[in-house]
Amino acid sequence: MSNIIYNFRAVEHKWIESFNNYSLSNEEIIANPSKKYYVLEMLPYPSGKLHMGHIRNYTIGDVVARIKRMQGYNVIHPMGWDAFGMPAENAAIQSGIHPETSTNKNIEDMKKQLQRLGYMYDWKREVSTCSKEYYFEEQKLFLEFYKKGLVYRKQSYVNWDPVDNTVLANEQVINGRGWRSGAIVERKLLNQWSMNITSYAERLLEGLNDLRGNWPDNVIKMQENWIGKSEGALINFEIVENNILKNIHSIQVYSTRPDTIFGMSFLAISIDHEISKQLSNNNNKVQKFIEQCKKSGTTEAVLEKSEKLGYFTGLYIKHPIITEKKIPIYIANFVLIDYGTGAVFGCPAHDERDYEFATKYNLPITSVIQSDNNTLPYTGDGILVNSDFLNGKTIQEAKSCIISKLEELGIGKKQTTCRLRDWLISRQRYWGCPIPIVHCKQCGEVPANLPVELPSDIDFKDLIGNPLDKHPTWKYTKCPKCRCDALRDTDTLDTFFESSWYFLRYLDNQCKDPINKEVTNISLPVDTYIGGVEHAVLHLLYSRFFMLVLHDLGYSKHSMPFKKLLTQGMVCHKLYKNSDNQYVFPDDVEKLEDGTLVDNNGKTVTEYPSEKMSKSKKNIVKPQEIMDEYGVDALRLFILSDTPPEKDLDWNTAALEGSWRFLNRIWKVFNQVLEHIKDEKNKHSNNTLYKTTNVYLQKIEENYNSISLNKAIALSRELFNHIEDNINTASKSSLKFAFETFIKVFYPITPFICAEIWEILGNKKCIGDEKWPKFDKDLIRDENVTIAIQVNGKLRKTMELPKDASKEVAEKKAIELLNVLNKDKIQKIIVIQNKVVNIVM
RNA sequence: GCGGAUGUGGUGAAAUGGUAGACACGCAAGGUUUAGGACCUUGUGAUGAGAGUCGUGUGGGUUCAAGUCCCACCAUCCGCACCA
């Protein structure tokens, strides 16, 4: 019997096709609205190669999909491709291969890899965002947004690479330099398309409340911080008469601390502020100062180290309350033009940044909040001092008091501001959805006639700048309104635009409108969404925003896209470097007898702690090689076994082998079980295994429902151990029930081996079509329990009692068992039914 | 700086305030065979001959009882950051 070995290759080969043929029609969804269950995993960028991170993500989703299916739901489980984007375009510039060609090839390759894993995807719903079927529909959405004023074009500052002559996305700026050219990135004011997400800030913030409990707290918090709502005051400061500024008589300032207005000692404006611009026009020194500030860059890394710089303009404002007091105006490098009003008032005693600035430029520092010790700056709570009518008030009181006063004077008001900025959606890139707008000299911006197709005849070799703009003919067109010569917009959409609504397109990828309302109304929200935490803000915020907009435009009755969110952890691996400080593949590391590590050239290797698997650091394990060697089920089992889905997972080849061995053990025990249940002579009547199975079934189901897959697996293995231990004593029926139950609950984790076993057991239906086993509540209830006996809270002994035994019985038995001699010493006995007896002495 | 998390054996990890370390990996001893990617049995937090004692980052607290609740601190990781 022991020579029966589980042949994973044959079994995978046998079942793969049926696994890949899963499909659910929209008719079925519509016929049974209450039964729908939408499981979604974040769609991959088609790099061509599946990595362990993908596999972890999709395996978790697959387990959920399979369980829900067995639990009787109509499971919507689609997959697609986030196929536009820069990598394919950059590759094209290097290789000359057209992005469309390489992308479609990569999709084909990756799809094969996904299918090998047997994921239960409904491939009929597949969507590729670079296909015409997708981006033509997206253009319709864009124009609807445009007509509603949600999309607009305006001047904004962007990251500009002066060597490559192109705009870079934030993620392409590394330490202030362009990732390809290495040039220092500049800030440049360009005409760019934006989407009005800030007008939805309040609703996006409110929407987070409905997600609490279902989304990870850190993601909710990150979105909250990103939106960054703050309450304060908008104040208008009158500028002291001068003959330098034209048509400007006041400066508007936003402050969250209007209560500190009596401690104000300077006012600082951004280098991009209108006043700065006017001043620089007729003053060389101002011009030079601004130049100097611009050079230092705008990335956080640079800003953090850079010194506060200020330039005194020679101008003053009047203090709004102490009217005789004049406050100097500085141009300062630390004031951002795109937050608040681009101008701040400085109260050095109660703000670290203002304090640093005031110290440097010898500005007065007046404390207006009383603190326990006298160290400044003091930013804590306190009582107002040196502040006229605010004296004695708390900060909160002072805030509302000063705001009323400012309102009374007609120079200020209460104001909430958000950190969130409008979403810049245009890119000077080729491989994206063309923005369907025509620019006409007569009519201005005009919606283009749809669809606007990407031209395919682009020569990528040595291409610099925007390919659509450089194209010889593409942009020349006629104005749809007046038929005059006009130019197409040559920008394409940010790829986050595509990923903000792909999960709706899955619901009807053939629809002649962007969205099939009927199916969408039934199918949303996505019940379980699984993906990496790196999208906590961007994609997950944009999608929530899109859903609100689409709801407002009547596309869907839902305004929330994803009900439950699971952010799975990264897949990590130890790092190896040799004596030449080069990274070494883990596979090439060998351990010598004396314990030293060497690479395949014999060089000494040092081991470093685990980090996220990354090609450049070579700490990767290739899924394909693992599947070839151990099979899909072993890989799935390992990846789900030991670590909760939301935590980082450390790759461990030994543990993977353990998973592989466990599958062989299942196979071996299966063959033994088969003998026993076939055996007519099996006369055992021991049914405890039946009871045990019910107990485990309940616990396993609980853990599956909360996607605690590691625990569900641990419990399943316990059940399996019980089966193995009782194989020779259990009755035929209880053994059969126990083993079949185990196979059913383990099927979502390792579908191939379980499908095969299920079939050999004589079941006609494929295991995936079977019903999830039900546990017998009565059986679970009627049991003995082990009760702890403690003295002063410390464990002394345990005892078996019937479940729900009375206090008195438990007390008596505990005292008996402990053999307490001096019963007078007992002060108190605490009995917690079915759990513990604690004797206090 | 702000915000969020996390700290439990050699390792990954379990524990509705009620038997800490389930389930695995690794390791050790023994067994076994058609010598395999084996398999089986036993052991495996520390300490002690032993009954026992100690033990969940550190220090306090609440409680009959704390890994779990409260307070303070330390360490690590992640996110945001000149945000007015």
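Naming convention: chains lettered A, B, ... in sequence-line order (proteins, then strands); numbering from 1 in each chain.
A gap of 23 Å separates the P atoms of B/A65 and B/A72, to the nearest Å. Spacing between B/G57 and B/G3 at atom P, rounded to whole Å, works out to 24 Å. Taking the C1' atom of each, B/G21 and B/U11 are spaced 13 Å apart, rounded to whole Å. To the nearest whole angstrom, the two C1' atoms, one in B/C71 and one in B/C25, are 38 Å apart. Rounded to a whole angstrom, the distance from the P atom of B/U33 to that of B/A28 is 23 Å. On the P atoms, B/G12 is 12 Å away from B/G7, given to the nearest whole Å. Nucleotides B/G45 and B/A22 place their C1' atoms 15 Å apart, quoted to the nearest Å. Using C1' as the reference atom, B/U8 and B/G67 are 7 Å apart when rounded to the nearest Å.
Between the CD1 atom of A/Ile220 and the C1' atom of B/G4 there is a distance of 12 Å, rounded to whole Å. One can place CD1 of A/Ile727 at 14 Å from C1' of B/C40, the figure rounded to the nearest angstrom. Distance A/Ile269 CD1 to B/C83 C1': 18 Å, rounded to the nearest Å. One interatomic measurement links the two molecules: NZ of A/Lys699 to C1' of B/A14, which rounds to 12 Å at whole-angstrom precision. Atom pair A/Glu724:CD and B/C23:P shows a separation of 13 Å (rounding to whole Å applied). The nearest whole Å value for the distance from the CH2 atom in A/Trp651 to the C1' atom in B/A24 is 16 Å.
Ring centers of A/Phe638 and A/Trp651: under 6.0 Å apart, within the cut-off. Under the 6.0 Å cut-off for aromatic ring centres, A/Tyr361 and A/Phe266 do not qualify, their centroids lying 6.0 Å or more apart.
Close to B/U53, at under 4.0 Å from its OP1 or OP2, lies a side-chain N or O of A/Arg796. OP1 or OP2 of B/C54 lies within a sub-4.0 Å distance of a side-chain N or O belonging to A/Lys794. Phosphate contact (OP1/OP2 of B/A13, side-chain N/O of A/Lys647, threshold under 4.0 Å): present. The shortest distance between the side-chain N/O atoms of A/Arg661 and the OP1/OP2 oxygens of B/C39 is below 4.0 Å. Within the 4.0 Å cut-off from OP1 or OP2 of B/A15, at least one side-chain nitrogen or oxygen of A/Lys711 is found. Between B/A14 and A/Asn710, a contact under 4.0 Å exists linking OP1 or OP2 to a side-chain N or O. Between B/A84 and A/Tyr254, no contact under 4.0 Å exists linking OP1 or OP2 to a side-chain N or O.
Under 3.5 Å, the side chain of A/Lys308 and the base of B/C82 form at least one donor-acceptor pair of N or O atoms. One N or O donor and one acceptor, one from the side chain of A/Asp642 and one from the base of B/G12, sit under 3.5 Å apart. A donor N or O paired with an acceptor N or O is not found under 3.5 Å between the base of B/G3 and the side-chain atoms of A/Glu224.
Distance from the side chain of A/Lys828 is smallest to B/C64 among B/A14, B/C82, B/C64. In this structure, of B/G18, B/A20, B/C83, it is B/G18 that holds the atom nearest to the side chain of A/Val836. If you check B/G37, B/C64, B/C80 against the side chain of A/Trp226, the one that comes closest is B/C80. If you check B/G3, B/C25, B/C64 against the side chain of A/Asn225, the one that comes closest is B/G3. Among the nucleotides B/A84, B/A13, B/G3, the one closest to the side chain of A/Lys221 is B/G3. Between B/U19, B/A5, B/G79, one nucleotide has an atom nearer to the side chain of A/Met222 than all others, and that is B/G79. When distances run from any side-chain atom of A/Glu718 to the nucleotides B/A22, B/C40, B/C64, the shortest one goes to B/A22.
Remark: B/C23 base-pairs with B/G12. Criterion, Watson-Crick or G-U wobble with two distances under 3.5 Å. In this structure B/C54 sits in a base pair with B/G45, meeting the Watson-Crick or G-U test at under 3.5 Å. Nucleotide B/U68 has no partner under the Watson-Crick or G-U criteria, as no pair reaches both atom distances under 3.5 Å. The partner of B/G30 is B/C40, judged by Watson-Crick or G-U wobble contacts that both fall below 3.5 Å. In this structure, B/G3 forms a base pair with B/C78, meeting either the Watson-Crick or the G-U wobble geometry with both donor-acceptor distances under 3.5 Å. With a cut-off of 3.5 Å on both Watson-Crick or G-U wobble distances, the partner of B/A84 is given as none.
If you check every strand for non-hydrogen atoms under 4.0 Å, A/Pro216 touches nothing. At a threshold of 4.0 angstrom between heavy atoms, the contacts of A/Arg353 include nucleobase atoms, whether or not backbone atoms are also involved. Among the heavy atoms of the strands lying under 4.0 Å from A/Asn721 are primed sugar atoms or P, OP1, OP2 only; no base atom is included. Counting non-hydrogen atoms under 4.0 angstrom, A/Val537 reaches nothing in the nucleic acid. Among the atoms of the strands shown, none is found under 4.0 Å from any heavy atom of A/Ser641. When heavy atoms are screened at a 4.0 angstrom cut-off, A/Glu657 is found touching no nucleic acid atom at all. In this structure, A/Thr417 reaches neither bases nor backbone, as no heavy-atom distance under 4.0 Å exists between it and the strands shown. Nucleic acid contact class of A/Asp650 (heavy atoms, under 4.0 Å, all strands): none.
Taking the ring centre of A/Phe357 as origin, the terminal cationic atom of A/Lys360 falls outside the region bounded by 6.0 Å and 45° from the ring axis.
Ion pairing between a basic and an acidic side chain is recognised when a charged N comes within 4.0 Å of a carboxylate O; A/Arg353 and A/Glu356 show no such pairing.
In terms of heavy-atom proximity, A/Arg544 sits nearest to A/Trp215 at CD-CH2, 3.9 Å. Of all heavy-atom pairs between A/Ala814 and A/Val837, the closest is CB-CG1, 3.8 Å. A pairwise comparison of heavy atoms in A/Asp354 and A/Gly346 identifies OD2-CA, 3.3 Å as the closest pair.
The neighbour count for A/Lys413 NZ, taken as heavy atoms of other residues, nucleotides or ligands under 6.0 Å away, does not exceed 12.
Checked options A/Glu611, A/Lys612, A/Lys574; the residue passing with A/Asn619 is A/Glu611 (criterion: side chain to side chain contact (heavy atoms under 4.5 Å, CB included)).
Under the stacking criterion of a centre-to-centre distance below 5.5 angstrom and an interplanar angle below 30°, A/Tyr339 is not stacked against the six-membered ring of B/A84.
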